[in-house]
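We name chains A, B, ... by the order of the sequence lines, and we start the count at 1 in each one.
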Amino acid sequence: MIRHKPQIIVRPTPDTRHQTLLQMQLNTRPVAPLDLLISAQPLSLDAVTHGLHGPESGAVVLFLGTVRNSNEGRQVIRLAYEAYEPMALEQLARLRDALIKEFSLTAVRIHHRVGELQLGETAMIAAVCAPHRKAALQAMDALVDRLKKDVPIWKREYFQGGDVWVGPQK
Amino acid sequence: MEITVLCFAQTRDLLGGPSVKIDLPTGAGVAELQAAIEQRAPALKRIPLRFAVNREFATPQTKLNPGDEIALIPPVAGG
């Protein structure tokens, strides 16, 4: 059996615009953006887009999944996400690699939040880059579809009157 | 053999913790594990469960070893 280790590509960047005050105080290099991230901290659009596309890209598609106030007729109060993080990162890496190959993408980044999220908060930010628009748009559609199928991340919906784990039950 | 199974989402609620230890005959596979955990928490039968062995989705025929990282994967809902 071939074991796949998570390949989390870190692109070093000489740009220091995103250095935090603490990093500047410590005189350290800025943290390079991660392609794949599962985080309990609020997601940053900057962290996803910073240094994302090179001159070979003609299209960048961004997707934000946000917490909606209703679902299947229920009035949603908040959501709680959890992940089987090591496997989720491996599955995200596999998804990224497959999309790059299938759609000839030049970059893919996926950042997913875990923990409690309030209405309107961002649960996921995904980015894909390609030389041309159609491939990038199609790749993003495929990315979200496949993520919802094979990446071990779960969502508990708290609504007026109860809570439920989202997903098909028999 | 005793194996440890990681439980997430509703499987954690139904089995009462983030992991459970299950005793299985040596050489048992995922199908035997599924029967054993459904016996422990019959409500799991209502959930379309998948299993992961060493972070890969497994089939009912996948054999288990005591050192494997085994997880219950109820329906996922990322994004």
Side-chain angles (χ1 to χ4, degrees), chain A residues 1-6 36 38 63-68 71-72 79-95 110-114 117 122-126 140-157 163-170, chain B residues 3-20 22 27-31 33-35 37-79:
Chain A
M1 186 179 69
I2 300 167
R3 293 286 306 279
H4 294 270
K5 288 197 168 163
L36 306 174
I38 293 173
F63 173 83
L64 278 68
T66 57
V67 179
R68 188 180 56 230
N71 190 33
E72 295 176 359
L79 298 178
Y81 284 88
E82 69 175 65
Y84 174 18
E85 192 171 325
M87 182 176 172
L89 285 170
E90 289 188 17
Q91 289 294 111
L92 287 176
R94 194 171 295 179
L95 174 58
I110 307 169
H111 288 195
H112 206 294
R113 178 93 180 267
V114 289
L117 276 79
T122 303
M124 175 173 83
I125 305 176
M140 181 58 80
D141 205 27
L143 184 158
V144 181
D145 279 349
R146 294 184 204 177
L147 182 140
K148 286 176 177 293
K149 193 167 155 279
D150 283 332
V151 179
I153 297 174
W154 297 272
K155 176 162 65 180
R156 190 175 207 158
E157 180 189 301
D163 66 85
V164 64
W165 287 101
V166 177
Q169 315 290 312
K170 274 181 202 165
Chain B
I3 57 160
T4 302
V5 183
L6 304 175
C7 311
F8 296 95
Q10 59 269 60
T11 68
R12 187 190 53 229
D13 295 345
L14 291 169
L15 286 159
S19 70
V20 289
I22 303 273
V30 165
L33 171 62
Q34 179 155 12
I37 62 138
E38 286 180 354
Q39 196 169 28
R40 191 171 294 195
L44 287 170
K45 289 179 190 165
R46 287 188 282 116
I47 301 169
L49 273 187
R50 285 187 287 179
F51 290 77
V53 177
N54 298 324
R55 302 174 187 174
E56 302 268 1
F57 285 111
T59 70
Q61 290 76 38
T62 304
K63 295 290 173 210
L64 302 174
N65 296 295
D68 286 341
E69 183 175 315
I70 299 163
L72 298 180
I73 312 287
V76 303

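When the candidates A:K149, A:E82, A:K155, A:H112 are compared by the number of heavy-atom contacts under 4.5 Å with chain B, A:E82 comes out ahead. Here B:A9 is the residue among B:A9, B:A52, B:G78 with the most heavy-atom pairs under 4.5 Å with chain A. Of the listed residues (A:A80, A:A123, A:P152), the greatest number of heavy-atom pairs within a distance under 4.5 Å of chain B belongs to A:P152.
Contact of the B:I70 side chain with the B:T4 side chain is not registered, since no non-hydrogen atoms from C-beta on lie closer than 4.5 Å.
For a residue to count as touching a neighbouring chain, one of its non-hydrogen atoms must lie under 4.5 Å from one of that chain's; by this rule A:V151 touches chain B with the backbone only. When heavy atoms are compared at a cutoff of 4.5 Å, A:M124 approaches chain B solely by way of its side chain, counted from C-beta outward. Proximity to chain B (any heavy atom under 4.5 Å) is restricted, for A:A83, to the backbone atoms N, CA, C and O. For a residue to count as touching a neighbouring chain, one of its non-hydrogen atoms must lie under 4.5 Å from one of that chain's; by this rule A:Y84 touches chain B with backbone and side chain alike.
Remark: B:I47 CD1 to B:T11 OG1 distance equals 7.0 Å, nearest 0.5 Å.
Side chain of A:W154 to backbone of A:W165: no donor-acceptor contact under 3.5 angstrom is found.
For A:D141, there are no salt bridge (charged side-chain N to carboxylate O under 4.0 Å, His left out) partners two or more places apart in sequence or in a different chain.
In this structure, B:L15 and B:A41 approach most closely via the heavy-atom pair CD2-CB, 3.9 Å. The two residues A:E157 and A:L79 make their nearest non-hydrogen contact at CA-CD2, 3.6 Å.
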